[in-house]
Amino acid sequence: EGDNCVFDGMIYRNGETFQPSCKYQCTCRDGQIGCLPRCNLDLLLPGPDCPFPRKIEVPGECCEKWICDPKDEVILGGFAMAAYRQEATLGIDVSDSSANCIEQTTEWSACSKSCGMGFSTRVTNRNQQCEMVKQTRLCMIRPCDNEEPSDKKGKKCIRTKKSVKAVRFEYKNCTSVQTYKPRYCGLCSDGRCCTPHNTKTIQVEFRCPQGKVLRKPMMLINTCVCHNNCPQSNNAF
């Protein structure tokens with residue numbers, strides 16, 4: 001017949017299903033209790049239609065709901081990144097209430113574009129609520145007018161090349177206030193591809209039409225590496 005289960009002072013028969021709260025549905029199986037969430041726990045990925053998703057509690061409803069924050073000025077993850085600060089030092093001072101939080105941060109994803117301005121993402125719980133959130137940063141592996149392989153004699157790959165002149169970054173008809181001399185990843189003539197190896201994140205301020213100002217996290221390349229693990233579907237590499 002199977003053993004009964006005891007949960008919060010209540011006895012449940014083998015095979016019985018119950019809801020200890022509105023967020024979970026549990027089943028007794030031979031003395032063991034297994035539970036499934038009744039709320040959608042998925043992360044909502046940022047996209048063009050919803051660049052800054054966040055969860056809110058709805059009065060009278062059990063489960064939190066995703067909404068799209070329209071404010072472009074909001075920095076995903078709830079913290080602003082200081083210019084030229086090393087990646088490892090970025091973060092928020094953890095409060096006493098989240099002292100038991102085990103930090104989990106994924107690596108930044110590959111840049112969405114092989115040339116020109118793209119974006120990369122990561123998931124982290126480095127915040128005072130210890131909640132997993134999606135962070136997005138701008139990235140540029142190389143300008144699109146720089147698609148010629150190395151012409152240096154005997155060189156099949158140029159890993160990292162620094163911009164000769166100072167440039168302003170462009171993002172959605174906005175232009176960076178400051179000028180930069182970024183490093184880019186080169187191209188190979190032997191079938192390999194060059195991608196960022198060591199990067200850091202800085203805060204870039206953009207001035208837009210009608211005087212609007214945006215502050216966006218952006219990847220800066222320290223070094224690139226040339227390798228054969230190239231994306232099959234992306235000939236631009």
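Keep in mind that this is a model prediction, so the values were computed, not measured.
Put simply, CD on E57 and SG on C63 are 11.0 Å apart, with the number rounded to the nearest 0.5 Å. The CG atom of D3 sits 8.0 Å away from atom SG of C5, with the distance rounded to the nearest 0.5 Å. Once rounded to the nearest 0.5 Å, the distance linking NZ of K134 with OG1 of T106 reads 6.5 Å. Rounded to the nearest 0.5 Å, atoms OG1 (T223) and CZ (R183) are 9.0 Å apart. Distance OG1/T199 to CD1/I221: 8.0 Å, rounded to 0.5 Å.
Here the closest non-hydrogen pair linking C62 and K23 is SG-CG, 3.2 Å. The minimum heavy-atom distance between W108 and Q135, with the atom names listed, is CZ3-O, 3.6 Å. Residues N198 and N222 come closest through the heavy atom pair OD1-ND2, 2.6 Å. The two residues V167 and S163 have their closest heavy-atom pair at CG1-OG, 3.9 Å. Of all the heavy atoms in Q25 and R38, the pair that sits closest is N-CG, 3.8 Å. Taking all atoms of both residues into account, the shortest heavy-atom contact from C139 to S120 is SG-N, 3.8 Å.
For T201 and R137, the side-chain atoms include at least one donor-acceptor pair closer than 3.5 Å.
Using a 4.5 Å heavy-atom threshold, the side chains of K181 and K162 count as touching. Residues E170 and T175 are in side-chain contact: their nearest non-hydrogen atoms beyond the backbone lie under 4.5 Å apart. Proximity of L138 to V204: side-chain heavy atoms (C-beta onward) are nowhere separated by under 4.5 Å. Contact of the R142 side chain with the S114 side chain is registered, since non-hydrogen atoms from C-beta on lie closer than 4.5 Å. Considering only heavy atoms from C-beta on, I141 comes within 4.5 Å of P196 through its side chain. Proximity of N127 to V133: side-chain heavy atoms (C-beta onward) are separated by under 4.5 Å at one or more points.
Of the possible donor and acceptor atoms, one in the side chain of N125 sits under 3.5 Å from a partner among the backbone N and O of Q104. Side-chain N or O atoms of R159 include none that pairs as donor or acceptor with a backbone N or O of G186 at under 3.5 Å. Between the side chain of N4 and the backbone N or O of I11, no donor-acceptor pair lies under 3.5 Å. When atom types are taken as modelled, the side chain of S112 and the backbone of F119 share a donor-acceptor pair closer than 3.5 angstrom. Looking only at distances, no side-chain donor or acceptor of R215 sits under 3.5 Å from a matching main-chain atom of Q203. Formation of a donor-acceptor pair under 3.5 Å by the T105 side chain with backbone atoms of T124 is not found in this model.
For the two cysteine residues C194 and C224, the thiol sulfurs sit 2.5 Å or further apart. C193 has its SG atom 2.5 Å or further from the SG atom of C226.
The same ILVMFWY cluster, assembled from side-chain heavy atoms under 4.5 Å apart, contains both L220 and Y171. When hydrophobic clusters are built by joining Ile, Leu, Val, Met, Phe, Trp and Tyr residues whose side-chain heavy atoms come closer than 4.5 Å, directly or via intermediates, M219 is not grouped with L214.
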Inset, instruction - Using the side-chain contact (heavy atoms from CB on, under 4.5 Å) rule, take I33 and C35 through it: C-alpha gap first, then chi angles, then the decisive distance, then the call. - result: CA-CA 7 Å; I33 297 174; C35 299; 3.9 Å; yes
Inset, instruction - Go through the steps for Q19 and Y24 under the test side-chain contact (heavy atoms from CB on, under 4.5 Å), then give the verdict. - result: CA-CA 6 Å; Q19 291 181 12; Y24 294 96; over 6 Å; no
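Checked against the 6.0 Å centroid threshold, Y180 and F169 count as a close aromatic pair.
A tilted orientation is assigned to the rings of F7 and F18, their planes being inclined by 30° to 60°.
Within 6.0 Å of CZ in R168 there are more than 12 heavy atoms belonging to other residues, nucleotides or ligands.
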